[in-house]
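Right, one structure below, let's go through it.
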Amino acid sequence: MMVASLQVIVDGLSIGSTYALLALGLSLVFSVMGFVNFAYGSLIVWAGYAIAVTDSVGAPYALTILVMVVFTVVLSIAMGRFAFRPFITAPPATLLLTSFGVALALQAVAIFVFGEAPRHVPTPPVLIESVSVGGVRISLLQILALGLSVIVLVALNLLIQRTTFGIEIRAAAEDSKAAQLMGVRPPKVLLVVFAISGVVAAVVAFVWFARIGTVDPRADLTPTLKAFIAVVLGGLGTIRGPVIGGLLLGLFESVLASFLTTNLLAFQSAFAFGLVILVLILRPQGVAGRVVELAK
Amino acid sequence: MGSPAAGRTSPAPALSALGIEKRFAGVTALDGVDIEVGQGETLGLLGPNGSGKTTLVNCVSGVVRPNAGRVLIDGIEIGHLSRDRRARAGLIRTYQNLRLFTDLTVAENIEVGLLAQRGRPREQRRNLVRRSLAEQGLEDVARLPVSELPYGAQKRVEVARALVSEPKVLLLDEPGAGLGSSETELLSEALRSARSRFSCAMLMIDHNVNLIMGLSDRIVVLSDGKVLRSGTPAEIAGDPEVISVYLGQVPQKLPR
Ligand SMILES: Nc1ncnc2c1ncn2[C@@H]1O[C@H](COP(=O)(O)OP(=O)(O)OP(=O)(O)O)[C@@H](O)[C@H]1O
Ligand SMILES: [Mg+2]
């Protein structure tokens with residue numbers, strides 16, 4: 001029993017840490033621009049294709065990951081530059097709709113280029129082989145997922161809290177018009193934020209596809225939804241919120257997976273949404289969030 | 001008119017706003033206002049509530065676009081520039097209603113004031129922030145979220161944030177509003193010492209006539225979106241029309 005519950009916690013934390021990163025990438029853009037970027041999952045999907053395509057021309061795994069990271073960051077910056085920057089002064093609802101448009105467009109291009117069928121994304125076996133530590137099965141990938149999440153979190157926290165750049169981002173996030181009067185360039189801040197959220201997406205994509213092993217054009221929905229749920233659970237407006245939300249969601253899923261019978265497991269997402277509704281009713285600002293006011 | 005002609009003897013004014021007109025749906029807030037602030041000069045701007053003082057600052061800082069008129073810094077047209085480019089050109093303003101970043105600490109808020117100038121080394125930025133905190137007596141609260149400070153201290157943070165970059169042109173919209181007399185004295189002192197440390201043209205709005213009279217080299221009085229009078233503090237203080245238009249309404253505009 002002891003071991004079983006430890007296993008649930010290890011599994012939950014490792015998947016939860018990936019959700020936490022996903023949620024962080026989403027909430028970063030939200031806190032600066034005031035909209036939920038529904039095209040965020042498309043970044044993950046295209047990152048998957050970047051690995052698959054680089055692999056199909058015979059590149060070693062490490063190179064496929066390197067190419068994927070560069071590609072994802074560039075794609076994220078391009079998204080910010082061409083899809084969102086032109087609407088930088090528009091109300092958040094416009095940006096929200098734009099993000100739906102971008103998600104649909106990126107999906108359509110993926111279907112056109114790669115077809116509907118899933119593509120294989122390689123994973124070195126050493127990453128996913130589980131070893132038993134005192135009866136708890138754990139893979140190198142799970143450890144990497146946790147480790148990478150911690151590194152990204154610490155780095156991001158330092159960047160936001162300790163650097164001039166972080167001050168610029170936070171000032172622009174709170175009151176971009178006043179920040180402008182102090183010389184802050186919101187368009188530049190936007191691009192930097194998209195670049196950072198691209199790096200986070202690339203880290204997530206690495207872990208995500210190593211675990212799943214395939215990519216298809218409609219695979220953006222799951223990461224976007226997970227990020228969205230985690231953000232709602234944890235709350236917006238802080239770094240802490242999405243992280244706690246992501247970990248909670250991971251643990252919740254892991255607990256469900258250990259208790260539910262196979263035919264009930266199909267409804268795992270329904271349970272997750274049930275939890276979201278519950279949180280929204282009981283604590284609309286999330287478990288660890290603050291009340292966020294949208295700047296006009 | 002004010003083109004920086006070659007061979008001109010006196011330098012162009014630090015700030016000129018010429019023929020500024022601003023209309024809001026039915027209200028003419030500014031009706032052809034001309035003001036000039038010389039290099040290193042402090043210009044006081046007086047006028048009853050709604051006379052267009054804040055709107056003038058908004059037009060100059062780029063917060064609103066005037067319907068007509070030109071804005072120049074050192075004789076160079078800036079009317080087409082965005083707010084952030086004006087800030088980087090050395091034009092900094094404060095707000096009548098505090099507009100601090102409540103998520104940031106006191107020190108961070110002041111550091112935002114340095115964002116207009118890229119390329120200052122980190123060490124220098126730190127020293128500037130430190131000096132600015134000391135000047136305003138804010139060292140002890142430097143690490144606190146600015147929202148936890150009392151109003152008067154927040155007002156000092158706003159002034160510190162505006163002064164820290166040593167701007168070329170400073171627009172102060174009622175920096176003394178809501179301050180007690182000792183706090184007003186501190187403010188006056190801070191502005192004076194800033195002025196003596198770096199040459200800075202100031203356009204200062206306040207309803208506290210003593211504060212304005214004490215600091216200004218020259219005073220402009222606005223009324224109904226037009227310049228009613230312009231002159232030295234002594235001339236303005238003795239002008240019967242100013243007294244009737246502006247000072248005559250004293251009961252409504254005593255500092256809150
Ligand atoms: N954004 C706006 N929209 C509509 N009308 C405005 C706007 N800003 C100012 N006005 C109007 O323009 C006129 C001038 O206002 P302004 O704020 O410039 O006055 P002020 O001299 O700063 O007054 P106070 O001493 O009360 O601060 C007022 O009639 C005001 O109602
Ligand atoms: Mg005003």
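Small disclaimer: the values here were computed from a predicted structure and weren't measured. Just so we're on the same page: letters track the sequence lines, and every chain starts at 1.
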**More than 12 heavy atoms from other groups under 6.0 Å of OH on B/Tyr95** = yes
**Item:** Structural part of B/Ser165 lying under 4.5 Å from a heavy atom of chain A
**Value:** neither
**Request:** Kindly compute the distance separating CG (A/Leu181) from CG (B/Leu171), expressed to the nearest 0.5 Å.
**Result:** 9.5 Å
**Fill in**
In this structure, CE of A/Met182 is separated from CZ of B/Arg88 (nearest 0.5 Å) by 12.5 Å
**Prompt:** Could you give the distance from CZ (A/Arg185) to CZ (B/Arg85), rounded to the nearest 0.5 Å?
**Reply:** 9.5 Å
**Message:** Could you walk me through whether B/Asp103 and A/Arg170 satisfy the side chain to side chain contact (heavy atoms under 4.5 Å, CB included) test, starting with their C-alpha distance in whole Å, then the side-chain angles of each, then the deciding distance to 0.1 Å, before giving a yes or no?
**Reply:** CA-CA 8 Å; B/Asp103 294 347; A/Arg170 280 184 288 148; 5.7 Å; no
**Message:** Is B/Leu100 close to chain A through its backbone or its side chain, or both, or neither, when contacts mean heavy atoms under 4.5 Å?
**Reply:** backbone
**Prompt:** For the atom pair OG1 (B/Thr105) and CD1 (A/Ile167), what is the distance rounded to the nearest 0.5 Å?
**Reply:** 7.0 Å
**Request:** Would you give the length of the straight line joining atom CZ of B/Arg99 to atom CD of A/Glu174, rounded to the nearest 0.5 angstrom?
**Result:** 10.0 Å
**Prompt:** Of all heavy-atom pairs between A/Gln161 and B/Glu108, which one has the smallest distance, and what is that distance?
**Reply:** O-OE2, 3.7 Å
**Message:** When you compare the side chains of B/Ser82 and A/Gln180, does any donor N or O come within less than 3.5 Å of an acceptor on the partner?
**Reply:** no
**Fill in**
What one should report as the nearest heavy-atom pair of B/Ala87 and A/Gly183 is CB-N, 3.4 Å
**Message:** Please find the pair of heavy atoms, one from A/Ala171 and one from B/Val112, that lie closest to each other, and give the distance.
**Reply:** CB-CG2, 4.1 Å
**Message:** I need the B/Arg122 CZ to A/Thr164 OG1 distance, nearest 0.5 Å.
**Reply:** 6.0 Å
